[in-house]
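Below is one structure, written out as C-alpha cells; comments come after it.
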Amino acid sequence: MDISAKKKTRKKRPPEKSLRFPVATHEKLLKLCEKLGRNQVELFVAMVDYFYRTKKDPADVNDEVLKNALAKNHDTYIRFIRSQEDNLLIPMKENMDRMITNQREVVRYFNEQVLNANKSILQNQQTQAAATEKLLKVTESKDKLKIKFLFILNQYIRQREEIGSFKGREKEELIEQARKQINDL
C-alpha cells in the first residue's frame with residue numbers, strides 16, 4: 001500500500017487542544033470518569049455540551065436558573081390543583097355532604113316510620129290477642145256453663161220423675177234445689 005492510500009483510509013480527527021488544570025481537579029475528574037464510565041475526553045465534551053445547552057454558569061452552585069424553572073413549574077402545578085379544587089373537588093365534596101345529609105334524613109325518617117308502624121302493629125296484635133283470649137275464655141266458660149246447666153237440668157228431670165206427680169212438697173224442694181244450683185253457677 002502506498003502512503004496516499006493510508007492517508008485516505010484514516011479517519012479525519014478534529015483538531016485537539018490541551019488544557020492545563022491543577023492535580024486535585026484532575027483527581028476529581030478521574031473519579032467522575034470512573035463513576036460515570038467514560039474517559040476524560042468524553043466526560044469533558046459532555047460537560048461543555050451540557051453547560052452550553054442549558055446556559056448554566058458552572059460557578060453558580062445554587063443554580064438560580066434551575067430554581068426559577070422549578071418554582072415556575074411548582075406555581076403552575078399549584079394553580080392547576082387550585083383550579084381543580086374550585087371546579088371539581090369542592091363542588092363534589094359539597095354534593096357528597098348534601099347527599100350524606102339527605103341519606104341520614106331518609107334513614108332517620110325510615111327508622112321513625114318503621115318503628116312507629118312496628119309499635120302500632122305490636123299494640124294492635126296485643127289488643128287482638130287479649131280480645132281473642134277473652135273471647136276464648138268466654139266461649140270456654142259458656143261451654144262449661146252449658147255443661148253444668150245441662151247436668152243440673154238432667155238431674156232435676158230425673159229426680160222429678162222419681163218423685164211422681166202426687167208429692168207437691170217434694171217437688172217444690174226439688175225446684176228450689178235446682179234454682180240454688182243454677183244461682184251458684
Side-chain angles (χ1 to χ4, degrees), residues 14 19 21-153 181-185:
L19 184 63
F21 46 84
V23 174
T25 304
H26 185 259
E27 288 174 5
K28 290 179 185 176
L29 182 64
L30 289 175
K31 285 181 184 177
L32 279 173
C33 289
E34 200 175 300
K35 181 179 176 184
L36 299 174
R38 297 185 182 132
N39 64 34
Q40 292 178 25
V41 174
E42 289 172 343
L43 183 60
F44 184 76
V45 169
M47 287 189 309
V48 170
D49 284 344
Y50 173 78
F51 289 117
Y52 184 77
R53 276 185 284 123
T54 60
K55 295 178 179 49
K56 292 183 182 180
D57 181 5
D60 184 10
V61 178
N62 291 330
D63 199 1
E64 289 300 319
V65 174
L66 181 61
K67 280 183 184 178
N68 291 338
L70 289 174
K72 182 180 174 187
N73 285 341
H74 180 73
D75 290 342
T76 303
Y77 290 137
I78 294 297
R79 278 194 306 277
F80 173 75
I81 289 170
R82 285 190 179 144
S83 72
Q84 294 301 310
E85 282 178 346
D86 292 340
N87 295 335
L88 295 174
L89 296 176
I90 292 173
M92 197 180 338
K93 184 185 179 309
E94 289 171 351
N95 288 337
M96 284 182 172
D97 288 344
R98 224 174 307 147
M99 183 183 68
I100 289 170
T101 303
N102 289 341
Q103 288 293 331
R104 284 188 181 135
E105 288 296 315
V106 166
V107 168
R108 184 184 58 76
Y109 179 75
F110 181 76
N111 284 340
E112 286 175 1
Q113 294 301 316
V114 168
L115 290 175
N116 288 339
N118 285 347
K119 285 178 185 176
S120 173
I121 290 170
L122 184 62
Q123 287 174 344
N124 288 341
Q125 286 177 345
Q126 288 172 345
T127 304
Q128 286 177 349
T132 304
E133 189 175 315
K134 194 175 185 182
L135 186 61
L136 285 175
K137 285 182 181 178
V138 166
T139 305
E140 191 176 283
S141 64
K142 278 185 179 181
D143 289 342
K144 286 181 182 178
L145 191 61
K146 283 179 188 178
I147 291 170
K148 287 179 182 178
F149 185 76
L150 284 175
F151 176 76
I152 293 170
L153 183 64
Q181 285 178 346
I182 291 173
N183 280 335
D184 288 344
L185 290 178

- CG/D49 to OG1/T54 distance, rounded to the nearest 0.5 angstrom? 10.5 Å
- Pairs meeting criterion salt bridge (Lys or Arg N to Asp or Glu O under 4.0 Å) with involvement of residues 91-112, two or more places apart: K93-D97, E105-R108, R108-E112
- Would you give the length of the straight line joining atom CD of Q84 to atom CE of M92, rounded to the nearest 0.5 angstrom? 9.5 Å
- Apply side-chain contact (heavy atoms from CB on, under 4.5 Å) to V106 and list each qualifying residue two or more places apart in sequence or on a separate chain. none
- Message: With rounding to the nearest 0.5 angstrom, report the CG to CD1 distance, N116 to I121.
- Response: 11.0 Å
- Message: Under the rule for side-chain contact (heavy atoms from CB on, under 4.5 Å), what residues qualify as partners of L122, not counting sequence neighbours?
- Response: Q125, Q126
- Of all residues at least two apart in sequence or in a different chain, which pass the side-chain contact (heavy atoms from CB on, under 4.5 Å) check with N111? V107
- Beyond-backbone contact of H74 with L70, side-chain heavy atoms, under 4.5 angstrom: no
- Residues passing the side-chain contact (heavy atoms from CB on, under 4.5 Å) test with T25, sequence neighbours excluded, are F21, P22
- Message: Which residues pass the salt bridge (charged side-chain N to carboxylate O under 4.0 Å, His left out) test with E133, not counting sequence neighbours?
- Response: K137
- Query: Do any N or O atoms from the side chain of T76 and from the backbone of K72 form a donor-acceptor pair under 3.5 angstrom?
  - Reply: yes
- Euclidean distance, L29 CG relative to R38 CZ, rounded to 0.5 Å: 12.0 Å
- Message: Ignoring hydrogens, what is the shortest heavy-atom contact between I90 and D86? Give both atom names and the distance.
- Response: CD1-OD1, 3.8 Å
- Note on the structure: Looking only at heavy atoms, the pair that brings C33 and L43 closest together is SG-CD2, 3.6 Å
- Rounded to the nearest 0.5 Å, the CZ atom of F151 sits from the CD1 atom of I147 at a distance of 12.0 Å
